[in-house]
Amino acid sequence: MTGRDRTPLVLTAGLVALVAVAPFLPSWAVFLVTVSLAKGLVALGLLLLMRAGLVSFGQGLYYALGAYAGGVAAARHGVGEGLAIVALGAAAGALAAGVLGLLVARYRTIFFAMLTLAFSMIFYGLLVKTQALGSTDGFNVHPSTLAGLSLEGPRGKVAVLVLAALLAWGSALGLNAMLRAHVGRLAPAIKDNELRVEYMGASVQRTVHLYLVVSSALAGLGGGLAALTVGHIDPEMAYWTTSGEFVFITIFAGTGSVAAPFLGAVALELLRSFAYEHSPNTWQMVVGGAMLAVILFLPGGLWSLFRRREAA
Amino acid sequence: MGDLLAVLIDGVIYSSWLFIIAAGLTIIYGVMRILNMAHGSIYALGAYVAATLVGAWLRGGHPPLLSYGVLVAAALLVAVVTGPLVERGLLRFTYGRDEVVLVLVTYALFLILEDVIKLVWGVESYFVTEPYGLLGNLEFGPLTYPVYSGAMVVAAIVTGVALRWGIYGTRFGKLLVAVIHDREVAGALGVDVRAVFLFTFTIGIFLAARAGALTAPTVSVVPGMGVEVIVIAFAVVVIGGLGSMAGAALGSLIVGIVRSSAVHYFPQVELFSIYLVMALVLAIRPRGLFSAVEARKI
């Protein structure tokens, strides 16, 4: 393994820069960055799975679950505290993956992708059919405070952005430490050859189950954060196109660093906003084209651009 | 009793539709190991081209009975244009990459095609109900069914038999099986793997476009019609066992019957009954019903 890990330094620098400029950003940028960070959290979870060779096409399940867990608490049970909402989101994601993981952790390759897809589509169907939760329309979430401070007005939005930045920073640091620890080092080994991992005395099944719980907690956290930011949640969050977008972000950004998913999410949201602004009828084409370009010319994702510069 | 009959007939009709859609997906996966996310867009493309051509055909005063031929011709047109374009122009650069990367490539293609459709046809809906109404209705005791639905069942059976014959009864089919078993050895023995891929992909695209073309008369052709079709087709082929043609047939039948039972008896679970079956089947048989331990079949 090569020298010192500079990732914590890079992450902290990013956090400081973001928090410093946050109060001066126009409101559209505040919204865009906050939503990107929420999606980046989900993509960060996917990164962990992808290091182990697993691609979930159903992270939308945990994303929606996190949003609904936080949203229901806020809208029905009067929980007005933003921190409680995101915490509930993460807990719901982890809990669901803890149960579903008993089955899903046994699957690999395309079957893993398809089983996770099936579960997310079942959840989507359930949400659509549940009148009490607003059916296809979903419902609004209006948290009132964040760490005791009022969330009213534009300053509230900036506060949510700061929270998102802190959560992203903490999660990325945590995952970085996990990937460098014993349990994380097993990921590429599992991707390469499971049998050898078992011979070494590690349990592939339990490790994959743990990865699932961690990645789903991150997805639930992202979902809770999205509910807090957007103020509205609907079943679309569990639909397969949402899950597809998360995989998209992860591949787009590359899995080379824990900072990459956030970079990818911001890049995708920016690309989409600008494409939508300039050619509302062809923004999907622009996004699809960018994806193809990255896959064909940057097999390591956007992140590899930075890598190359470092090496030079 | 009448209820049960209705469930069965509805189920069989829906199964036929599913099989017509899923056949193209499973053949492409079986041979090329590409789970084609753009399948739904090709389906939509087939529907749009069919709607346009049949509309023009009828306005031109041509015999309406021949519009069925126009439907199939529309699918052929889509296949001949997009099949080689996509395979030669894009997919061949990605062979050898991860299966998941290939899924993402076709996902990007799906995004692009969705917008191409909107650019060409706009966002309003198209109707070509003539081929549907032309055949009239058929009565089963108290139940009435359009003959067109019966024709779909026949089309599904013909498709299944033709594909089976094509794979096991022709020289090309035998080359195909050789490529499925081992791409490299087949190539070393003189099989033109490139041509096999190109041809298979075009056939798969034709099947997808034809599914759209045959569906066009029964629905309004609107943007986004392919989005849901993708995951439903995934569910069918995964239940049956990816790449297996018999599996796709059985998967279609199971999903069709389950969905029509859900519609009749438990309407509240209709929306996700398909995925429930998919999760259950995968839980019991992790690789689908027709996944042989030996080399993959199609």
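Within every chain, numbering begins at 1; the chains are lettered A, B, ... in the order of the sequence lines, protein sequences first and strands thereafter.
More than 12 heavy atoms of other residues, nucleotides or ligands lie within 6.0 Å of CD in E124(B), so this atom counts as buried by the packing criterion. Within 6.0 Å of atom CZ in R88(B), more than 12 heavy atoms from other residues, nucleotides or ligands are found, so the atom counts as buried in its surroundings. By the 6.0 Å contact criterion, CZ on F93(B) is enclosed, its count of non-hydrogen atoms from other residues, nucleotides or ligands being greater than 12. Annotation: R76(A), atom CZ; neighbour count of heavy atoms from other residues, nucleotides and ligands within 6.0 Å is above 12. The environment of F139(A) atom CZ is dense: over 12 non-hydrogen atoms of other residues, nucleotides or ligands sit within 6.0 angstrom.
Looking at Y239(A), only its side chain comes within 4.5 Å of chain B, counting heavy atoms on both sides. Both the backbone and the side chain of F248(A) come within contact range of chain B, with heavy atoms under 4.5 Å apart. For a residue to count as touching a neighbouring chain, one of its non-hydrogen atoms must lie under 4.5 Å from one of that chain's; by this rule I230(B) touches chain A with the side chain only. Looking at L35(B), only its side chain comes within 4.5 Å of chain A, counting heavy atoms on both sides. With a threshold of 4.5 angstrom between heavy atoms, A235(B) does not approach chain A through any atom at all. Residue contact with chain B, scored on non-hydrogen atoms closer than 4.5 Å, involves the side chain of F57(A) exclusively. For V277(B), no part lies near chain A; criterion is any non-hydrogen pair under 4.5 Å. Contacts between V238(B) and chain A at a heavy-atom distance below 4.5 Å involve the side chain alone, from C-beta outward.
Remark: F110(B) CZ to Q284(A) CD distance equals 6.5 Å, nearest 0.5 Å. To the nearest 0.5 Å, atom CE of residue M291(A) and atom CG of residue L109(B) are 12.5 Å apart. Between the CZ atom in R287(B) and the CD1 atom in I110(A) there is a gap of 10.5 Å [rounded to 0.5 Å]. The structure places CG of D115(B) at 6.0 Å from OG1 of T282(A), a figure rounded to the nearest 0.5 Å.
Counting heavy atoms from C-beta outward, V103(B) and V55(A) have side chains that stay 4.5 Å or more apart.
Between the side chain of R97(B) and the backbone N or O of I295(A) there is at least one donor-acceptor pair closer than 3.5 Å.
Between Y107(B) and W240(A), the ring-plane angle classifies as perpendicular under the 30° and 60° cut-offs.
The two atoms that bring G288(A) and A108(B) nearest to each other are O-CB, 3.4 Å, heavy atoms only. Heavy-atom minimum distance, L103(A) versus A283(B): CD2-CB, 3.9 Å.
Annotation: maximal heavy-atom pairing with chain A below 4.5 Å, among V105(B), V116(B), L119(B), V123(B), occurs at V105(B). Per-residue heavy-atom pair counts under 4.5 Å with chain B were compared for G125(A), G289(A), G53(A), and the maximum is reached by G125(A). Between chain B and the residues F252(A), Y107(A), Y124(A), the largest count of heavy-atom pairs under 4.5 Å involves Y107(A).
Using non-hydrogen atoms only and a strict 4.5 Å limit, the part of residues 111-122 of chain A facing chain B consists of F111(A), M114(A), L115(A), L117(A), A118(A), F119(A), M121(A), I122(A).
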